[in-house]
Amino acid sequence: MPSNADILVLGTGVVGRAFIDIVRGRLSSRLRIAGVANSRGLALGREREPFDVDAAQLSELFALPRDRVRGPIDDSVLDRIAARNRGVLVDATADENVGELYERALARGIHVITANKKPLAGLYAQRERLVDPEGRGGRAAFRYEATVGASLPIIETLKNFVRTGDRVRSIDCALSGTLGFVCNAMTEGTPLSRAIAIARERGYTEPDPRDDLGGIDIARKAVILAREIGSRLELADVAVEPFVPRDLLANATSESLGADLAKLDAAFADKVARLRERSEKLVYLARIQVDIGGVIHASAGPVAIPLSHPAAQLQGSSALVAFTTLRHALEPLIVRGSGAGGPVTASALLADIFAAIGTASVPPRDA
Ligand SMILES: NC(=O)c1ccc[n+]([C@@H]2O[C@H](COP(=O)([O-])OP(=O)(O)OC[C@H]3O[C@@H](n4cnc5c(N)ncnc54)[C@H](OP(=O)(O)O)[C@@H]3O)[C@@H](O)[C@H]2O)c1
């Protein structure tokens, strides 16, 4: 039976594996994993039926030695995906140099669906080339709901404000799954360094947790959202205050990070206890504001908020985005829920695939 889409997956980490598991399990009658790559290797399905990458190929790919480096995805691989029924490239990496690969895929009519913020929060001109369907021939979709808040409907909500002529005034975001989890865990008495280690074990952190702790990951999300409402903001324009001192992050290696953070445990515990006495809580927020002249500003940093604030009530790694607009002026429109983790991010990628290929709903194999 022809599949609804033939997918080349980049990345076999937390998100990539969750995505592959869902497709090969409940959705295998409709979606096909036609190729999988990580930074070490590439596995392609056969040229003839069955086209899927099989379990043995996947095990081999996962087991490749850490020091191996894959060559670039060349045009012949993309041509093979483009020749299939509906070709889709799914990016579940944090590689910043994938923009050129996206452009080659889109030019061949391959839909590009990404969880990777970097190509969208990189140089504005590159982002425009990707999102502007007319500029690139318009045959294939480029979708990126998973980049901000995993499966929470954040990008689509913003697009709808723009499409329907609403005017965004401000966007307040508690969007770091990692820092949300860490602040909640510290409020419950877990030391900073332990809370970060748990967040890493559970797959909430960025591939490099320093991206979370330095605020750069949330600044990228702020750039993606600000650009959605018309800003030409670059990442360097976001006023970022890191969660832990910049010096510590600059000098830490991934091996020394845990021990370096442990030196801050007592100071953070003290800060959290003092805030608790004042009925306040530490959170890490990003804010996008449109000033009276229409100029869009973005900032991110740790703030103390009253316990009555909606963001203070978030549990675990939950995320919250509050949109204040012309039409939602008195009470912000709030999107809230699980904003990180493999399965929810994979869900967002899948929903984008179905939107791209125009299949509204796909019954599971065992339905
Ligand atoms: N985790 C979440 O909750 C979440 C939520 C929303 C969005 N995201 C985004 O999703 C992306 C993946 O996150 P993750 O947590 O799954 O990261 P991860 O566990 O570190 O996995 C990253 C994967 O990407 C692979 N990779 C790196 N460069 C590559 C390249 N050029 N081509 C092919 N594969 C490459 C790595 O290969 P090796 O295995 O060879 O190292 C690894 O398999 C990131 O951009 C992240 O920001 C994550």
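No experiment lies behind these values; they were computed from the predicted model shown. Order of listing sets the numbers, starting from 1, for every ligand and every atom in it.
For ligand 1 and E206, the ligand atoms under 4.0 Å from any heavy atom of the residue are 46 (C), 47 (O). The K117 neighbourhood of ligand 1 comprises atoms 47 (O), with distances under 4.0 Å to a heavy atom of that residue. Residue contact check: A94 has heavy atoms under 4.0 Å from atoms 44 (C), 45 (O) of ligand 1. Each of the following atoms of ligand 1 lies closer than 4.0 Å to a heavy atom of A340: 3 (O).
Of all protein heavy atoms, the one closest to atom 36 (C) of ligand 1 is S39 N, 4.2 Å. Shortest contact from atom 39 (O) of ligand 1 to any protein heavy atom: R40 NH2, 2.9 Å. At the top of the distance list for atom 4 (C) of ligand 1, counting protein heavy atoms only, stands T345 OG1, 3.6 Å. The protein heavy-atom contact nearest to atom 44 (C) of ligand 1 is T93 O, 3.3 Å. Atom 41 (O) of ligand 1 has as its closest protein heavy atom R66 NH1, 3.0 Å. Annotation: atom 43 (O) of ligand 1 to nearest protein heavy atom, T12 N, 2.9 Å. Among protein heavy atoms, atom 17 (O) of ligand 1 sits closest to P207 CG, 3.4 Å.
Polar contact check, D217 against ligand 1: no nitrogen or oxygen pair lies under 3.5 Å apart. Between V15 and ligand 1, at least one pair of N/O atoms sits closer than 3.5 Å. Taking any N or O of V14, backbone or side chain, at least one lies under 3.5 Å from an N or O belonging to ligand 1. When only interatomic distances are considered, the shortest N/O to N/O separation between A150 and ligand 1 does not fall below 3.5 Å. Considering both main-chain and side-chain atoms, T147 never comes within under 3.5 Å of ligand 1 through any nitrogen or oxygen pair. Residue G203 places at least one N or O, backbone or side chain, under 3.5 Å from an N or O of ligand 1. Taking only nitrogen or oxygen atoms, main chain and side chain alike, Y204 does not reach within less than 3.5 Å of ligand 1. Taking only nitrogen or oxygen atoms, main chain and side chain alike, G16 does not reach within less than 3.5 Å of ligand 1.
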Quick one: do R104 and D75 satisfy salt bridge (Lys or Arg N to Asp or Glu O under 4.0 Å)? Show the steps, please. CA-CA 8 Å; R104 283 193 283 132; D75 286 348; 2.6 Å; yes
The test is side-chain hydrogen bond (donor to acceptor under 3.5 Å, both in side chains); show your working for N97 and K118 and say whether it passes. CA-CA 8 Å; N97 301 313; K118 290 178 181 167; over 6 Å; no
Walk me through it: do E280 and K271 pass the test salt bridge (Lys or Arg N to Asp or Glu O under 4.0 Å)? CA-CA 11 Å; E280 288 182 338; K271 188 171 178 178; over 6 Å; no
Determine, stepwise, if the pair L233 / I296 fulfils side chain to side chain contact (heavy atoms under 4.5 Å, CB included). CA-CA 8 Å; L233 193 92; I296 298 169; 5.5 Å; no
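For atom 21 (O) of ligand 1, the nearest non-hydrogen atom from the set G13, S338, G11 comes from G13. Of the listed options D95, V9, D91, L101, D95 places a heavy atom closest to atom 31 (N) of ligand 1. With A319, G341, P343 as candidates, the residue nearest to atom 3 (O) of ligand 1 on a non-hydrogen basis is G341. Scanning A18, A115, G342 for the heavy atom closest to atom 10 (O) of ligand 1 points to A115.
Side-chain polar atoms of T93 and D91 form a donor-acceptor pair below 3.5 angstrom.
When every heavy atom of R210 is checked against every heavy atom of A252, the shortest pair comes out as NH1-O, 2.7 Å.
Between R46 and D52 no salt bridge is recorded (no basic side-chain N to carboxylate O distance below 4.0 Å). Under the 4.0 Å criterion applied to side-chain N and carboxylate O atoms, R127 and E228 are assigned as salt-bridge partners. Salt-bridge annotation for R17 and D21: absent, with no side-chain N of the basic residue lying under 4.0 Å from a carboxylate O of the acidic one. Salt-bridge check for R246 with E241: failed, with every basic side-chain N at 4.0 Å or more from each acidic carboxylate O.
Shown are R86, R32, R80; of these, the side chain to side chain donor-acceptor pair (under 3.5 Å) with D6 is made only by R32. Residue K117 is tested with E145, E206, E96 for a salt bridge (Lys or Arg N to Asp or Glu O under 4.0 Å); the sole match is E206.
Distance alone, capped at 3.5 Å, is enough to place a donor-acceptor pair between the Q57 side chain and the D54 backbone.
Distances shorter than 4.0 angstrom occur between a heavy atom of A146 and an atom of ligand 1. Under a 4.0 angstrom heavy-atom cut-off, R70 registers as being in contact with ligand 1.
If you look at A92 next to ligand 1, the close heavy atoms, those under 4.0 Å, all belong to the backbone.
The number of heavy atoms from other shown groups lying within 6.0 Å of CD (E201) is above 12.
Classified by interplanar angle (parallel below 30°, tilted 30° to 60°, perpendicular above 60°), the ring pair Y102/F142 is tilted.
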